[in-house]
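Accompanying notes for the structure given below.
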Amino acid sequence: MSDYLTEEEFLKNYDSSIYDKLSMTTDILILSVSSKDSNNYRKTDKKMMSILLVKRDDYPYKDKWCLPGGFLNPKTETLEDCTKRVLKRETNLEDIYLEQLYTFDRIDRDPRMRVISTAYVALIDKNELKQDVKNASWFDITLIEEKDGVVFLVLDNGTETISFEVNKVLRNKITDRYDYISNKNNMLAFDHDVVIVSGIEKIKEKVNSSDIVFNMMPEYFTLGELQQVYEVLLGKKLIDAPFRRIIASKVEKTEKMKTGEGHRPSYLFKYKTQK
């Protein structure tokens, strides 16, 4: 008689209780770029990057703001399934740009139990939103990265301001990888200050290497509007002529015109699907 168990016999007698249990969640950075009204009719409204936050109505971190998220159903969902379910619940949007960011596993990130979260980034045009979300609000983002490696963020929704600091520490010079460590944060739940900064930094990296910006644009836009969105995401002013040369192959001119706002009419463009 063989001393070796078959795989079926092994699994039948396997005792999973010898391992500690943990829970998985997904958190979503839902980012958009929108206009901040200008008091001068001759000036184009200023573009601002904004993020959707939800105010918690239960403990832990009751009444604090956090990213939309939810617990993974381990029997029926993959991480992406869970993320899409949360996104549908919070925004009623489907089939939008969604990318996995990082996994956050700090041991004490959730006071209830050991919880590991995988964060995703969703880029949307806020004009596509068809519903108001309970306890949710869009916050405009102002990001200032200091020279000594401290990233300072201010989030403002018009009635409430959230500010926090995150240390940006170089982990590996060859791969240009950084660790983000919470510094000053008493207004956001969990470790969502670190998640937000990590996501914004990731988006800035991808702006120059992909066409992700167009996920935040309406179907038709002026080149000036597109340039403003690039400037918001990159955090710097761009020179008109070089910018237009760079994006020339990405856009297609239409016969539609944009008028008003104290400016002469401008042609509208749309994203040119890359073959």
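Here the structure is a predicted model, which is why all the values come from computation and not from measurement.
Note: the hydrophobic cluster containing F243 also contains M216 (ILVMFWY, side chain heavy atoms under 4.5 Å, direct or indirect links). Placement of I196 and F190 in two distinct hydrophobic clusters is found when ILVMFWY residues are connected by side-chain heavy-atom separations under 4.5 Å, directly or transitively. Hydrophobic clustering of Ile, Leu, Val, Met, Phe, Trp and Tyr side chains at less than 4.5 Å, counting indirect connections, keeps Y220 apart from F214. Under the 4.5 Å side-chain heavy-atom criterion for grouping Ile, Leu, Val, Met, Phe, Trp and Tyr, V33 is connected to Y97 within one hydrophobic cluster. A chain of hydrophobic side-chain contacts below 4.5 Å, direct or via other Ile, Leu, Val, Met, Phe, Trp or Tyr residues, connects V151 to L53.
The CG atom of L188 sits 8.5 Å away from atom NZ of K64, with the distance rounded to the nearest 0.5 Å. With rounding to the nearest 0.5 Å, the separation of CG in D148 from NZ in K168 is 12.5 Å. The distance from the NZ atom of K202 to the CG atom of L29 is 13.0 Å, given to the nearest 0.5 Å. Considering NZ of K204 and CG of L234, their distance stands at 8.0 Å, rounded to 0.5 Å. Here I246 contributes atom CD1 and N208 contributes atom CG; the two are 7.5 Å apart, rounded to the nearest 0.5 Å. Atom CG in L238 sits 11.0 Å away from atom CD in Q228 (nearest 0.5 Å).
Under the side chain to side chain contact (heavy atoms under 4.5 Å, CB included) rule, F269 has a single partner from L223, T222, T254, which is L223. With I28 as the fixed residue, the side chain to side chain contact (heavy atoms under 4.5 Å, CB included) test singles out one of L52, T83, L67: T83. For the side chain to side chain donor-acceptor pair (under 3.5 Å) with S182, the lone residue among D193, N167, D191 that qualifies is D193.
Ion pairing between a basic and an acidic side chain is recognised when a charged N comes within 4.0 Å of a carboxylate O; E94 and K88 show such pairing. A salt bridge does not link E9 to K12: none of the charged side-chain nitrogens sits closer than 4.0 Å to a carboxylate oxygen. For R114 and D20, the salt-bridge test fails: no basic side-chain N is under 4.0 Å from an acidic carboxylate O. The pair D108-R106 meets the salt-bridge criterion, since a charged nitrogen lies less than 4.0 angstrom from a carboxylate oxygen. Using a 4.0 Å cut-off between charged side-chain N and carboxylate O, E160 and K55 make a salt bridge.
For the pair I141 and L153, the minimum side-chain heavy-atom distance is below 4.5 Å.
The local environment of NZ in K236 is sparse, with at most 12 non-hydrogen atoms from other residues, nucleotides or ligands closer than 6.0 Å. When the shell of 6.0 Å around OH of Y59 is examined, it contains 12 or fewer heavy atoms from other residues, nucleotides or ligands. For I107, the CD1 atom counts as loosely surrounded, since its 6.0 Å shell holds 12 or fewer non-hydrogen atoms of other residues, nucleotides or ligands. Atom CZ of R112 sits in a crowded spot, with more than 12 heavy atoms from other residues, nucleotides or ligands closer than 6.0 Å. A 6.0 Å sphere centred on OH of Y267 holds no more than 12 heavy atoms belonging to other residues, nucleotides or ligands.
Contact detail for M187 and S163: the closest heavy-atom pair is SD-N, 3.8 Å. Here the closest non-hydrogen pair linking C66 and R56 is SG-CG, 3.6 Å. D179 and R171 get closest at one heavy-atom pair: OD1-NH2, 2.6 Å. The minimum heavy-atom distance linking P60 with D110 is given by the pair CG-OD1, 4.4 Å. Nearest heavy-atom pair across A122 and L98 is CB-CD1, 3.8 Å. Closest of all the heavy-atom pairs between D211 and K250 is OD1-NZ, 2.6 Å.
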Task: Criterion side chain to side chain contact (heavy atoms under 4.5 Å, CB included) on L31 and I51, from CA distance to verdict - done: CA-CA 5 Å; L31 299 172; I51 185 168; 3.8 Å; yes

TODO: Determine, step by step, whether W138 and I30 satisfy the side chain to side chain contact (heavy atoms under 4.5 Å, CB included) criterion, reporting the C-alpha distance in whole Å, the side-chain angles of both residues, the deciding distance to 0.1 Å, and the verdict.
DONE: CA-CA 9 Å; W138 284 99; I30 304 176; 3.9 Å; yes

Open item on the list: Is there a side chain to side chain donor-acceptor pair (under 3.5 Å) between S50 and S32? Walk through the geometry before answering.
Closed with: CA-CA 5 Å; S50 53; S32 184; 4.8 Å; no

TODO: Please step through side chain to side chain contact (heavy atoms under 4.5 Å, CB included) for the pair Q100 and Y120, ending with a clear verdict.
DONE: CA-CA 4 Å; Q100 189 175 127; Y120 283 75; 3.0 Å; yes

Task: CA sep, side-chain torsions, deciding dist, call: I203, I212, side chain to side chain contact (heavy atoms under 4.5 Å, CB included) - done: CA-CA 8 Å; I203 292 301; I212 62 169; 4.1 Å; yes

Task: From CA spacing to verdict: side chain to side chain donor-acceptor pair (under 3.5 Å), N157, T159 - done: CA-CA 6 Å; N157 69 353; T159 59; 3.3 Å; yes

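Judged purely by atom type and a 3.5 angstrom limit, R109 has no side-chain atom pairing as donor or acceptor with the backbone of H192. Remark: side-chain polar atoms of E165 are not paired, donor with acceptor, to backbone N or O of V150 under 3.5 angstrom. Between the side chain of E90 and the backbone N or O of V86, no donor-acceptor pair lies under 3.5 Å. Between the side chain of E252 and the backbone N or O of K272, no donor-acceptor pair lies under 3.5 Å. No donor-acceptor pair under 3.5 Å is formed between the side chain of K184 and the backbone N or O of F152.
Applying the side-chain contact (heavy atoms from CB on, under 4.5 Å) criterion to D63, with sequence neighbours excluded, gives no partner residue. Under the side-chain contact (heavy atoms from CB on, under 4.5 Å) criterion, M24 pairs with L22, L72, L79, I116, T118, not counting sequence neighbours.
Ring orientation note: the planes of F139 and W65 are nearly perpendicular, at an angle over 60° on the 30°/60° scale. Between F104 and Y102, the ring-plane angle classifies as perpendicular under the 30° and 60° cut-offs.
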